[in-house]
Amino acid sequence: MNKDIRQLETFEKRLGRSPKNRFHLLPQDIGLFLVRCLYAIIEILLSILFILVFTLPSLFILSIRKLFTGKDVFVQKMIYGADARPLKLQLFNVNAWLPRHSSLFIHVLSRKLSLVGVSFRDYETVNIMEGDPWLLRFKPGIINLHFIQSSSRIAAGTQNQTDWDYLHHRKGLSDLMLLLLSIPALLYHHTEENHDREIDIFGIKMLNIMMSEAIELIDQRLTDKHKTPVFFVNPDCLNKVFIDKDYYRILQMNEVVFPDGIGINLAGKMLGTPLRQNLNGTDMLPHICELAQSKGYKIYLLGAGPSVAETMKAKLQQKYAKLEISGTRHGFFNWEKEADQVISEINQAGTDILLVAFGAPNQEKFITRYGNSINANIQMGVGGLFDFYSDRITRAPLWMRQIGLEWVFRLMKEPKRMWKRYIIGNPLFLFRVFRWKMNRTV
Ligand code: UDP
């Protein structure tokens, strides 16, 4: 018996479980039983369809390729199968995700894999304990939540957390839903391991780093008292630079610009510089609050409509008991007449991190114009973030963000304001990226 399985069984014995009662998945009621039967039939039918549409054509094309180039049709991979047993897989020897994995549909019919399930764990490199022995009992799925999340590059939890998340929410025909959600994920997915540290779109350089590295960078700047403007750009911002040259220059000059949004993910893929992680202010704020709370940095909330920043302050302080919010102010004031007074308030409050939520490009212009007289060492433009955190506007549910459809949600919430930004803006942005790729001029 394999040592890993022995290790798993010892682990389970310690928890009072025996291998025999490991699978106690007998349906509790007839309805659930029928749903499971229906799902099993759908899974088999879909696998047969996928074998006909993807597996056989890929096999045919790669066999012809082997005849001409001698390149192998398959590459081998060993993963943990159900019950932590080693499972040897033959993947097609190509880079693109779908053709590469299309050889696996046959294993759904042989019941070694599920069409949708927990994510794959490499048998050779993942230790059974770090792979989480409980998770390793489940049959891995060709499509899994971890694959979908990593395709959209949102800063999500670890692989184990994502699998638990999947198992907790799994009910009825939810696996079919996940299968549908994987369609946009296939569009965004890339297998590239080497990432450039910068993504250059229209001459604006964005830092291509992970969320944890971005927080380290901010922490370092605060420790060094190195005054740093921090901006986020999404496709809408990059469309704006075509009509607002001041905004364009500001983004070009600035050193810390983070890529935000699924459109940037697609653009990065088109330009051969795939995105490592989607970095947006809304996902970054909890990390900033934890950093500020643990190191005693004070945050000032400047922007949004009347009382929005105050509501956000109350909500943040409920969640982060030791967080110091040095002040709040709405964002509708006359810069010429009132900026001095606003800045002196921010400075007198001893602010370390200033969040400016005026929307782009106003917030970037404000920070560039007044940044020198503001003492806060991190000055960050955060767009509509206060509206989300004060619950004035609901943010898209996690599953929509995971598949890169947050913009669809925002469009549904505020169609009048957003239709131009998304319906016209998104295709226009991708067209401009294509033109930029061809001749590198704006
Ligand atoms: N806003 C502001 N002052 C202004 C104009 C706008 O504080 O002069 C606020 C507005 O209330 C909203 C945010 O700026 O909270 C802009 O949100 P939007 O969703 O447009 O920003 P995005 O995230 O798209 O840049």
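Note that these values count all heavy atoms, side chains included, but never hydrogens, waters or copies made by symmetry. In listed order, ligands and their atoms are each counted from 1.
- Asp387 OD2, 2.5 Å is the protein heavy atom nearest to atom 15 (O) of ligand 1.
- Taking only non-hydrogen atoms, the option from Trp335, Phe332, Phe386, Phe333 nearest to atom 4 (C) of ligand 1 is Phe332.
- Between atom 20 (O) of ligand 1 and the options Arg392, Arg417, Met418, the minimum heavy-atom separation is to Arg417.
- In this model, no donor atom of one side chain and acceptor atom of the other lie less than 3.5 Å apart for Ser119 and His146.
- Below 4.0 Å from some heavy atom of Gly305 lie the following atoms of ligand 1, by number and element: 11 (O).
- In the vicinity of Arg421, heavy-atom distances shorter than 4.0 Å reach the ligand 1 atoms 20 (O), 24 (O).
- Contact check on Arg392 versus Glu310 returns no salt bridge, with no Lys/Arg side-chain nitrogen under 4.0 Å from an Asp/Glu carboxylate oxygen.
- Comment: Glu255 engages Arg221 in a salt bridge, judged by a side-chain N to carboxylate O separation of less than 4.0 angstrom.
- Here the shortest heavy-atom distance to atom 9 (C) of ligand 1, taken over Ala357, Gly359, Gly331, Gly303, belongs to Ala357.
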*From CA spacing to verdict: side chain to side chain contact (heavy atoms under 4.5 Å, CB included), Ile204, Leu238*: CA-CA 9 Å; Ile204 294 164; Leu238 290 180; 3.6 Å; yes
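- Side-chain contact check for Glu43 versus Ser114: some heavy-atom pair is nearer than 4.5 Å.
- Ranking protein heavy atoms by distance to atom 6 (C) of ligand 1, first place goes to Phe358 O, 3.3 Å.
- Interface atoms of ligand 1 facing Ala360, defined by a heavy-atom separation under 4.0 Å, are 25 (O).
- Contact annotation: for Glu414 versus ligand 1, there are no heavy atoms closer than 4.0 Å.
- Contacts with ligand 1 closer than 4.0 Å are made by side-chain heavy atoms of Arg410 only, the backbone lying farther away.
- Side-chain contact between Asp283 and Met211 is present, with heavy atoms from C-beta onward closer than 4.5 Å.
- Contact check on Lys413 versus Asp387 returns no salt bridge, with no Lys/Arg side-chain nitrogen under 4.0 Å from an Asp/Glu carboxylate oxygen.
- Among protein heavy atoms, atom 23 (O) of ligand 1 sits closest to Gly384 N, 2.9 Å.
- Under the ring pair (Phe, Tyr, Trp, His ring centres under 6.0 Å) criterion, no residue pair touches residues 205-227, with sequence neighbours excluded.
- When only non-hydrogen protein atoms are considered, atom 11 (O) of ligand 1 lies nearest to Ala304 CA, 3.5 Å.
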